[in-house]
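In what follows, a structure is listed as structure tokens, so that the remarks can point back to it.
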Amino acid sequence: MSKPIIVFDLDGTLVDTAPDLLDSLNHTLVAGGLAEVDDRAFRRFVGQGGRIMIERAYTAQQKQLAAVEHDRLHDIFLDHYTVNIPGRSMPYPGVVAAMDRFADAGYLLAVCTNKYENLAKGLIQALGLSDRFAAITGPETFGIRKPDPRHLTETIAKAGGDASRAVMVGDSVTDIDTAKAAGIPVVAVDFGYTDRHVSEYEPSVVISHYDELTLGMAQKLIDAASR
């Protein structure tokens, strides 16, 4: 029989990767002849991928960005980020204890991220968390990416989980829309990377610390979704 499962987004949900993504962005901008960005101003964009971060930085500095140059800079960004994994990235407070709670109760754990799978696996391995997850999937795993609900449902299937007893945990409108489209309840953390408060996207629940992600909460969400 398939097991219940908790599926986490990665950047801004499971791990605070902003310091390293911003370091790689600034390295890339300098290579392109631009000024570094204000970390505080760009932190909310780091969960949207390197290409979008580079594009936004050029727009903010009122510079034109040709497609060929965009591709070149994205390669520089990825190279810098990959070489420096895990850098200063760290799991969010309480997340390891939360994973322990659910694993001890018989839940599977998985990661469904729009970060490239090899980067996600490299980061999770470097943080010593790989053995906790039954599946770690990125956009190239199935050739689809969030908010396509199949990215989530295929991740659950790959992990051997039960989609009717699943909860998604994320930090953005992308995660929330993905879970809703899949008919799966979604817990939104309010400490991740988004330019609007996650409550505006109407997740099932909003939490501010992983201590709030309890077995009772998950079961209540699963029960409500099955009615």
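Along the sequence shown, residues are numbered consecutively beginning with 1. Basis for what follows: all heavy atoms, side chains included, without hydrogens, waters or symmetry-related copies.
At least one side-chain heavy atom of Val37 sits under 4.5 Å from a side-chain heavy atom of Gln61. Counting only heavy atoms from C-beta outward, the side chains of Asn118 and Thr82 never approach each other to under 4.5 Å. Looking at Pro93 and His209, their side chains come closer than 4.5 Å, going by heavy atoms from C-beta outward. You'll find the side chain of Leu25 stays beyond 4.5 Å of the side chain of Val46, heavy atoms only. The shortest distance between side-chain heavy atoms of Glu212 and Val187 does not fall below 4.5 Å.
In this structure, Arg196 contributes its side chain and Val173 its backbone to no donor-acceptor pair below 3.5 Å. Within the 3.5 Å criterion, the main-chain N or O of Arg51 finds a donor-acceptor partner in the side chain of His70. In this structure a side-chain-to-backbone donor-acceptor pair under 3.5 Å is present from Ser226 to Asp223. Of the possible polar contacts, none joining the Asn114 side chain to the Arg145 backbone as a donor-acceptor pair under 3.5 Å is found. Distance alone, capped at 3.5 Å, places no donor-acceptor pair between the Ser24 side chain and the Leu21 backbone. The closest donor-acceptor contact from the side chain of Glu117 to the backbone of Glu140 lies at 3.5 Å or more, if one exists at all.
Under the 4.5 Å side-chain heavy-atom criterion for grouping Ile, Leu, Val, Met, Phe, Trp and Tyr, Tyr210 is not connected to Ile176 through any hydrophobic cluster. Placement of Ile54 and Ile76 within a single hydrophobic cluster is found when ILVMFWY residues are connected by side-chain heavy-atom separations under 4.5 Å, directly or transitively. Note on Ile184 and Val189: separate hydrophobic clusters, where clusters join Ile, Leu, Val, Met, Phe, Trp and Tyr whose side-chain heavy atoms are under 4.5 Å apart, directly or indirectly.
By the 6.0 Å contact criterion, CD on Glu200 is enclosed, its count of non-hydrogen atoms from other residues, nucleotides or ligands being greater than 12. Heavy atoms of other residues, nucleotides or ligands lying less than 6.0 angstrom from NZ of Lys158 number 12 at most. Other residues, nucleotides and ligands contribute only 12 or fewer heavy atoms inside 6.0 Å of the CD atom of Glu202. The number of heavy atoms from other shown groups lying within 6.0 Å of CD (Gln125) does not exceed 12.
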Residues Thr113, Thr13; criterion side chain to side chain contact (heavy atoms under 4.5 Å, CB included); working and verdict: CA-CA 10 Å; Thr113 176; Thr13 299; over 6 Å; no
Show your working on side chain to side chain contact (heavy atoms under 4.5 Å, CB included) between Leu152 and Lys146 and close with a plain yes or no. CA-CA 7 Å; Leu152 175 55; Lys146 298 179 294 184; 5.8 Å; no
Verdict with supporting geometry, Tyr81 and Asp23, side chain to side chain contact (heavy atoms under 4.5 Å, CB included): CA-CA 8 Å; Tyr81 181 72; Asp23 283 349; over 6 Å; no
Start with the C-alpha distance between His151 and Thr137, add both sets of side-chain angles, then the distance that settles side-chain hydrogen bond (donor to acceptor under 3.5 Å, both in side chains), and finish with yes or no. CA-CA 8 Å; His151 191 178; Thr137 71; 3.3 Å; yes
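Of the charged side-chain nitrogens involved, at least one lies within less than 4.0 Å of a carboxylate oxygen, so that Asp100 and Arg132 count as a salt-bridged pair.
Annotation: the span from Ile136 atom CD1 to Lys115 atom NZ amounts to 12.0 Å, rounded to 0.5 Å.
A donor and an acceptor atom, one from each side chain of Asp175 and Thr178, are nowhere located under 3.5 Å apart.
If you run salt bridge (Lys or Arg N to Asp or Glu O under 4.0 Å) between Arg43 and each of Asp11, Asp16, Asp171, Asp38, only Asp16 comes through.
Using cut-offs of 30° and 60° for the angle between ring planes, the Phe102 and Tyr107 rings count as perpendicular.
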